[in-house]
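These notes concern the structure reproduced below.
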Amino acid sequence: MDEKDLYIFGEPVKTLIGEVRFLTYKEYLVNITSLSLITQNILHLYYQYKKHIDEKDENALNLLESIKQLTLFDLVKSEPSLFEIYKKFFTLLISPKPEIEDPAEIILSDENLFVQYRQLIMEMNLLSEEMVSPNPEIQRGIEMSRSYKQQTSGESSFTDIVSSIVAGTTNSFKDVCEMTVYQVYATYYRMGAIFDYQTSTLFATVSEKVKIESWNKHLNLYERESHVIEKDSFDKKFGSMF
């Protein structure tokens, strides 16, 4: 059994430094901007910084290029705003063992620990790095594709998700606030699977061609769509646009 299968219970994960707890859904929503920065790797941050510099400033461009040679750990250590965000969440989510006074200080002084705990916190709260390409042209295509899909996908808002769970289960709004992110999305997508099953069962009574969806099918909450394509494929699909 995958250790992540136990995340549904919302119990803290025991580690060498101490117990790491889950964010509640309300904490997740309140901190969504800061959490989005934690999901960004060096390339993400490089492209973010690039948007705010003058393309004619060679010194700024050279400095920016040097960022790509750093590890995420090095950049976090050297960038006060990023450092404080990571420190905040390591402190907030980790209950250290009695002999450990400051878990954040220990993690932020050891790159291996930093990588491990960053990954663990992201997994526990269904956070993931969006696909990114070192090739600027491909990255531009990725961002265009992502923007288009966000505009046309009709994705549910946080309000839609919370109100659906309250309307479809015995949970109150307060209950949903205290659920973990993992529990909220597991419940929401399971409800969707149940409704799909009920709908397909209904239509199957009038058409033999209707495939009945399983209400208890496996739901992979970590599944994500890839936006990264090879350079040749990119040129064939989007080359005429540039």
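Treat the numbers as computed from the prediction; the structure is a model and nothing was measured.
- In this structure Glu19 satisfies the side chain to side chain contact (heavy atoms under 4.5 Å, CB included) test together with Pro12, Lys14, sequence neighbours excluded.
- Put simply, CZ on Arg21 and CG on Leu93 are 5.5 Å apart, with the number rounded to the nearest 0.5 Å.
- Applying the ring pair (Phe, Tyr, Trp, His ring centres under 6.0 Å) test to residues at least two apart or on different chains, none of the pairs has a partner in residues 157-178.
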- Task: Test Leu37 against Ser34 for side-chain contact (heavy atoms from CB on, under 4.5 Å), laying out the working first.
- Result: CA-CA 5 Å; Leu37 287 173; Ser34 296; 5.7 Å; no
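- Within a 6.0 Å sphere centred on OH of Tyr49, other residues, nucleotides and ligands contribute more than 12 heavy atoms.
- When side chains are defined from C-beta on, Asp175 counts as touching Ser172, because their heavy atoms get closer than 4.5 Å.
- Under the 4.5 Å side-chain criterion, counting only non-hydrogen atoms from C-beta, Met124 is in contact with Val13.
- Between Lys87 and Leu108 the shortest side-chain heavy-atom distance falls below 4.5 Å.
- Two residues are said to be in side-chain contact when any heavy atoms from C-beta on lie closer than 4.5 Å; Cys177 and Tyr25 fail this criterion.
- Closest non-hydrogen pair, Leu120 versus Tyr7, comes out as CD1-OH, 3.6 Å.
- No side-chain N or O of Thr180 forms a donor-acceptor pair with one of Tyr28 less than 3.5 Å apart.
- For the pair Arg118 and Glu123, the salt-bridge criterion is not met [side-chain N within less than 4.0 Å of a carboxylate O].
- Between Met179 and Thr187, the closest heavy-atom pair is CE-OG1, 3.6 Å.
- Judged purely by distance below 3.5 Å, without hydrogens or angles, the side chains of Asp74 and Thr71 pair a donor atom with an acceptor atom.
- Leu72 approaches Ile42 most closely through the heavy-atom pair N-CG1, 3.5 Å.
- Across all non-hydrogen atoms, the minimal contact from Thr39 to Ser128 is CB-O, 3.5 Å.
- Ile121 places a side-chain heavy atom less than 4.5 Å from the side chain of Phe90.
- Checking Glu65 against Tyr46 by side-chain atom types alone, a donor-acceptor pair falls below 3.5 Å.
- Few gaps surround CD1 on Ile32; more than 12 heavy atoms of other groups in view lie less than 6.0 Å from it.
- Ile38 and Tyr86 make their closest contact through O-OH, 3.2 Å (heavy atoms, listed as atom of the first residue, atom of the second, distance).
- The neighbour count for Gln48 CD, taken as heavy atoms of other residues, nucleotides or ligands under 6.0 Å away, is above 12.
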- Go through Tyr185 and Leu126 one step at a time and tell me if the side-chain contact (heavy atoms from CB on, under 4.5 Å) criterion holds. CA-CA 9 Å; Tyr185 282 98; Leu126 293 180; 3.9 Å; yes
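- Across all their heavy atoms, Ile165 and Met191 have their closest contact at CA-SD, 3.9 Å.
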